[in-house]
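Below, chains carry the letters A, B, ... as their sequence lines are ordered, and counting in each starts from 1. All values derive from a computational prediction rather than experimental measurement.
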Amino acid sequence: MAAEEKLKLVTIVTEAVLEAGITTTLKKLGATGYTITDARGSGSRGVRDAGWSSSGNVRIEVICNPEVAEKITTHMREHFYENYAMIIFIADVGVLRPGKF
Amino acid sequence: MAAEEKLKLVTIVTEAVLEAGITTTLKKLGATGYTITDARGSGSRGVRDAGWSSSGNVRIEVICNPEVAEKITTHMREHFYENYAMIIFIADVGVLRPGKF
Amino acid sequence: MAAEEKLKLVTIVTEAVLEAGITTTLKKLGATGYTITDARGSGSRGVRDAGWSSSGNVRIEVICNPEVAEKITTHMREHFYENYAMIIFIADVGVLRPGKF
Amino acid sequence: MDPVIWFFVLGLVAGLARSDLRIPPAIYDLLSMLLLLTIGLKGGVELARSPVGGILPQMLAVLALGFTIPLLLFPVVRVTGRLGRPDAASLAAHYGSVSVATYAVGVSYLGVRAVTFDSQLPVFLVLLEIPAIIVGILLARGMHPGTRWGALAHEILFGKSIVLLVGGLAIGWAAGADGMRSLEPLFFDLFKGVLALFLLEMGLIAASQARSLRQHGLFLLVFGVVAPVPLATLGAVLGWSIGLSPGGTALLAVLSGSASYIAAPAAMRIAVPDANPSLSLTASLGITFPFNIFVGIPLYHQLAEFLHR
Amino acid sequence: MDPVIWFFVLGLVAGLARSDLRIPPAIYDLLSMLLLLTIGLKGGVELARSPVGGILPQMLAVLALGFTIPLLLFPVVRVTGRLGRPDAASLAAHYGSVSVATYAVGVSYLGVRAVTFDSQLPVFLVLLEIPAIIVGILLARGMHPGTRWGALAHEILFGKSIVLLVGGLAIGWAAGADGMRSLEPLFFDLFKGVLALFLLEMGLIAASQARSLRQHGLFLLVFGVVAPVPLATLGAVLGWSIGLSPGGTALLAVLSGSASYIAAPAAMRIAVPDANPSLSLTASLGITFPFNIFVGIPLYHQLAEFLHR
Amino acid sequence: MDPVIWFFVLGLVAGLARSDLRIPPAIYDLLSMLLLLTIGLKGGVELARSPVGGILPQMLAVLALGFTIPLLLFPVVRVTGRLGRPDAASLAAHYGSVSVATYAVGVSYLGVRAVTFDSQLPVFLVLLEIPAIIVGILLARGMHPGTRWGALAHEILFGKSIVLLVGGLAIGWAAGADGMRSLEPLFFDLFKGVLALFLLEMGLIAASQARSLRQHGLFLLVFGVVAPVPLATLGAVLGWSIGLSPGGTALLAVLSGSASYIAAPAAMRIAVPDANPSLSLTASLGITFPFNIFVGIPLYHQLAEFLHR
Ligand SMILES: Nc1ncnc2c1ncn2[C@@H]1O[C@H](COP(=O)(O)O)[C@@H](O)[C@H]1O
Ligand SMILES: Nc1ncnc2c1ncn2[C@@H]1O[C@H](COP(=O)(O)O)[C@@H](O)[C@H]1O
Ligand SMILES: Nc1ncnc2c1ncn2[C@@H]1O[C@H](COP(=O)(O)O)[C@@H](O)[C@H]1O
Ligand code: NA
Ligand code: NA
Ligand code: NA
């Protein structure tokens, strides 16, 4: 896979109510895009079972270079960690179409 | 990302009917939380198209340390591999908030 | 995890309308299975918000050996990159049940 | 023929033709919820209107039927189908339990012919759903220590279908015909339409069973068509002997001749993991369900009329 | 008792018994959308039929009520509940705003008793939803520079509940009784049935609040049961003094005695992140909502009748 | 004005104001399924009631119309819009095919005015949906070897809209007016309400097209408003010449003046990947659809009346 290029996959799992705000922020921080799936789960802030609209989570994936990844995690930590149900994990991924991200 | 810490991301894809049982087990095995999304798919046990409630899959993600990951995979292999549609894959991920998981 | 074996996790995010076609192709290219979740997102081809049936994305995951992964990415690049909203990223994962994939 | 049945055919054809017609799971849940509530509410209203004397002995008789059927079926399928213990037990549980959709089609069938039936039938529907599942599990694993009976009992007793049926019965009974007046437009007037859409979905699902049918071959096909008749006869005879009306007798026959495809599969998948789920589901949903709505129900109705000559 | 309330009980019981009964989010959205549109459309038709003279002063009075309630509650809960600023402000906002489902149950309650009410009540419902949220945010953060008031105003004003209520009002008003005739089967005839299903879901949600109730302990329980009464009285007195009919007075009491669990939680979660969301939600949805539909509404109706002696 | 249209306006406004009002995809599917089935069932019942003599020549004429329109449009849009082959072909396919929602609004419009129409119109709806798509694909790729016609034919013929329309027609025809009686509450009485909710969603979707409209600029706007009129006239003249009633003539005009936004986009996306999907969709759904329901339908009705003078 010659054309493959190493990038970061940043995955954010958090409260559905934050979706709109976060996606706007992501663009500002330099992400070229994002992918969202609806999710439910459990963690330090208890069970979030999507039993009704607002009680669910969203799972936001962003593929970006390490700098943007750094920016995103920092921003999330500063603005949301304290008061919202949220986790972030980062993985190394290879993508095609270098320069797209 | 100074605060980043290496952990395991265990992803289990299996029959929706097992969700309740597995989530309870995960806590017992030491997972601090989990994230679930509804899924469909195909594998050695045929197509599972979520055409109706019970014919779908769930995709369960758990972030944990290698020991817990080991425990989870072992438990799943022993209890579910033989009789249920299930796959498990493990990836290395970095997370913020060391000690949360 | 003795039984763990290194494989590739290929994730394709693309237009929902392509689901049927792609899943058929995957089998042809040697994938033993796949997992699909409905998704929405944004990228170079604009926002795809799943507001209604056909305007959404699907997120297709395939676990396979590097050769098949290579085949898949090549095929997708040749057939879909030019005209469809699509991204592909590849990660290394460990799985149990060697030989299943 | 009752038009709702054509919707099943439509779904079946669309499914077999691999049409992209889908009914979202959320809608499937809404439709089944409405069916269960309607059946319960209707029954409750009837019970309130004409309180049934000596219903308890009848209930015991019906419970007995629920425990008996799987015990009768188990040996038969083991031998004739050469099935392993788990598969045989699971199949027995499916056919011992009941299908709400088949019952609904039966009600609709009698309605079209203006045949009335006893108000306690919905109660029997509830009573017949569970026992066979318990027997099936016992047959599969014996008194296996590992079995978490508590959890299982809870799961079965508070399964959505039981909750909605019993809840509906209670509410209908408490509210009575007058109290229900304002709820009729949704729960009663739309009944046939909701049933039609549900059958459309059932057709799609039945079609998706076709492939697995090929695998399991002839036995399933024969069993799915043959088994319902003696079972229904058993139900009819019981209904007649406990003094149900012809309509009630027919519906009890429909119940015992029908096979579960919601409660039983879910419970068996958990409690008897080594049973092949597609085997029982294909038989009950892919063969017996269509057989009953097309051939069985009219047949059982004849039978009931005949017994009541 | 109004049968729809039994559906809440059913949901509550199923939830507490940890039944697997679930109502898919998509269905929840459909039901709430239908409720909001129906309330709006009904109101619009009424307004068209009997245009209200001098409604403006009344609207101002109601707006004032919306701004006042949270200001009264804030100090009380800070002291009695020993709550921090954010939690106290959030709770005040929830109880200052209104619950559409409680209003719907009130309408249904009056309907059963053939009590008419003034056509402008749905307008008051809209007016009462927002002010308390704004006050609550101000109480929590003061004139904090960071607050993105523009975004917030937009989010609240074009929130789905407001859009559907106002849209329904406008359409109902434009179409009038005759124009609405063809829409009645869905929006009017099914109203009670839709409300019943919605209350079933509310019961399930309320049950899921039970655990968090244990955490927050006694204060919430007491507050949730005690607070509605004086608030409703305030509404009743206002309704009576601005010359509403007994029915209208009762409904205004219901509105001001009810607590929001849709608009307020969403807005507060964004604007006052450091408020514990489960605290306010448990009080409004887990305690006050049931209290109002069982005890409150009949009580407030008595009160209204009494004032109008 | 027909109140259902106000729901489109409401959705449009909410969408443009970026309200958080959403209709879950599952509900969208339910609504469109109900619309398609209702139209089919209604048509089937009518066909059963008044069997149409010599319908076959009419059907051939309508099929011909379906094949002709895209052939006429293609060169026009290539030149006037300076569009590439794929985009021009796709646009031609969209406008050659039909919009079920526009048809439904037309039916509702005639209903309000108690104008009857010929029972074969739903059949024409089915006939007009497909040909233009085939022509469009041919125009775009010629007899390109790569085209998997089999797969395409299957996908179009067994697409959900065709299946539900044809299925509804068959069931309605088989059941007849009496057989359908029990299904009327869901499929006929709720029709207007379901259409209203569907239009609400259409408004939201149309609003989401606004942005892409800006990109494609003036041509789309003009084309979307101008094109329907001659196309509808073509349909009206044909309807009149094959001897349809004034109502039927109006509806055939509505059909040929309407543009597809379900079948055509899906098929084109697969078969003509290099066509820009948002271009055709914006024109058909963002411009022509609103134009037709506000201006077109009344206009085409006038036209039909005029022809029948
Ligand atoms: N250990 C974990 N593994 C996977 N997902 C988690 C984990 N912990 C939390 N989550 C997800 O992140 C959401 C918020 O986490 P928390 O802030 O800990 O409540 C939860 O609702 C879960 O969906
Ligand atoms: N090679 C694969 N790649 C991705 N997902 C898979 C793969 N194989 C199986 N799955 C998923 O795991 C589920 C159970 O797999 P199986 O037990 O092989 O039937 C399937 O329904 C798929 O959702
Ligand atoms: N940087 C990104 N990170 C995550 N997902 C993305 C990214 N870019 C695009 N996507 C997803 O891939 C889909 C197609 O991307 P595109 O072809 O760039 O429009 C989008 O709708 C997103 O769901
Ligand atoms: Na049975
Ligand atoms: Na209030
Ligand atoms: Na057309």
Let me know if F/R269 has heavy atoms under 4.5 Å from chain C in its side chain, its backbone, both or neither.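 Both parts, backbone and side chain.
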Under a 4.5 Å heavy-atom cut-off, does chain C meet the side chain of F/L204, its backbone, both or neither?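 No part of it gets close to chain C.
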Contact summary for F/I270 and C/L18, nearest pair of heavy atoms: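 That closest heavy-atom pairing would be CD1-CD2, 4.3 Å.
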Within a reach of under 6.0 Å around CZ of F/R18, are more than 12 heavy atoms found that belong to other residues, nucleotides or ligands?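 Counting other residues, nucleotides and ligands, CZ of F/R18 stays at 12 neighbours or fewer.
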For F/F223, which residues count as a ring pair (Phe, Tyr, Trp, His ring centres under 6.0 Å) partner, sequence neighbours excluded?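 Checked F/F223 against ring pair (Phe, Tyr, Trp, His ring centres under 6.0 Å); matches are F/Y95, F/F219.
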Would you be so kind as to tabulate the donor-acceptor pairs closer than 3.5 Å made by side chains of residues 26-33 of chain C, with sequence neighbours excluded?
| residue | atom | partner | partner atom | Å |
| --- | --- | --- | --- | --- |
| C/K27 | NZ | B/S42 | OG | 2.7 |

